[in-house]
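Below: one structure, written as structure tokens.
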Amino acid sequence: MNQANVVQSTAVRADTFLDDVLDGLSRPHKSLPSKYLYDERGSHLFDQICELDEYYVTRTELAIMQRHASSIAHQIDTDVMLVEYGSGSSLKTRVLLDSLSRPAAYVPVDISEEHLLNAAEQLRLAYPDLKVLPVVADFTQPFTLPDCEPPASHVAFYFPGSTIGNFTPPQAGKLLQQMASMLGQQGGLLIGIDLQKDLDVLHAAYDDRDGVTAAFSLNLLSRINRELGGDFDCDRFQHHAVYNTLHHRIEISIVSLEDQVVSIGDHAIEFAAGEGILTEYSHKYTVDGFARFARQYGFQLHKSWTDPQNYFAVLHLVIE
Ligand code: AVJ
């Protein structure tokens, strides 16, 4: 298959990035959307995070998927259109695909066209019989599912990695609502969520001793410099990650070490010493709490799997 088969659902334009950056940095509490952390360098750094001793998230979810592969695949069943929120370049996806008996199609959805097409090509090579139908889209916005022949009997969304944790409850709710309306009566959602746990474990996971997570955060400033003509000096900013016990989330920000003015094109942005730019939330849940939350949007918890330490959970939710 070639590029012509790619469904371009939502235009992802460079001026959107500029608008979002200027909008986020002109607020009283500065913030930047976390989706912009994942340019080529950011995605590479995130892959490195996943290899860190301190970052338990990826390897724990993978272990759950491996250990319970057949039970998980059994819930999704045959003739499914498996729609992954993310490019599908991960091992978790392969574990799932290996265990599904007869998927009708596999639909990876990602904002980065290059990343998506690469991942799709790799999957086609590994699974020659699988219909791979990539969709370039920002999945926080509604998008159209591709047609497939013969038609799938039902749709299953796969949203691994606790990516949902990046979203505030209202944003996550909106996403679940969109998913529910795209699913209709027949579908389900397989989702990975990170669980509440010891604070030391959480802090280490988001502020590792090698500074990989810090580099991942600060790369957002370098990206603004590269793509939007900014002049951030990364040495004058610092990565900061702290757990908010009230909201059950890690809050990641980039903190200015001094009073300074930064320009982006012809825009000047002022920073006070100690002022932060919020770049990421990483919400931590309980299985019951998430199930209760998802119920508001029409999902019912059908089954869940976790690891021996109860660090992470994979949930299968179905439309009531
Ligand atoms: C990709 C959103 C799941 O929240 O654990 C990891 C992102 N940021 N370290 C997470 C992240 C810094 C990650 N998610």
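Both counts, for ligands and for their atoms, begin at 1 and track the order of listing.
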Between side-chain atoms of residues 45-55 and protein atoms elsewhere (two or more places apart, or another chain), which donor-acceptor pairs fall under 3.5 Å?
unit_1: Q48; atom_1: OE1; unit_2: H44; atom_2: NE2; d: 3.4
unit_1: E54; atom_1: OE2; unit_2: R209; atom_2: N; d: 3.0

- Message: Students should find this: residues with any non-hydrogen atom under 4.0 Å from ligand 1. What is the answer?
- Response: Y38, F46, I49, Y55, G161, S162, N166, Y206, T213, F216, I252, E280, S282
- Taking the side chain from D307 and the backbone from I64, do they hold a donor-acceptor pair closer than 3.5 Å? no
- Item | Pairing residues for F139 by the ring-ring contact (aromatic ring centres under 6.0 Å, His included) criterion, not counting sequence neighbours | Y85, F159
Show the atom names and distances, to 0.1 Å, of all donor-acceptor pairs under 3.5 Å that link a side chain in residues 66-78 to residues at least two apart or in another chain.
unit_1: S71; atom_1: OG; unit_2: W305; atom_2: NE1; d: 3.0
unit_1: Q75; atom_1: OE1; unit_2: H302; atom_2: ND1; d: 3.3
unit_1: Q75; atom_1: NE2; unit_2: S71; atom_2: O; d: 3.0

- Message: Could you walk me through whether F271 and F237 satisfy the ring pair (Phe, Tyr, Trp, His ring centres under 6.0 Å) test, starting with their C-alpha distance in whole Å, then the side-chain angles of each, then the deciding distance to 0.1 Å, before giving a yes or no?
- Response: CA-CA 10 Å; F271 289 89; F237 289 87; 5.2 Å; yes
- Task: Please determine, by modelled atom types, if T140 and D138 share a side-chain donor-acceptor pair under 3.5 angstrom.
- Result: yes
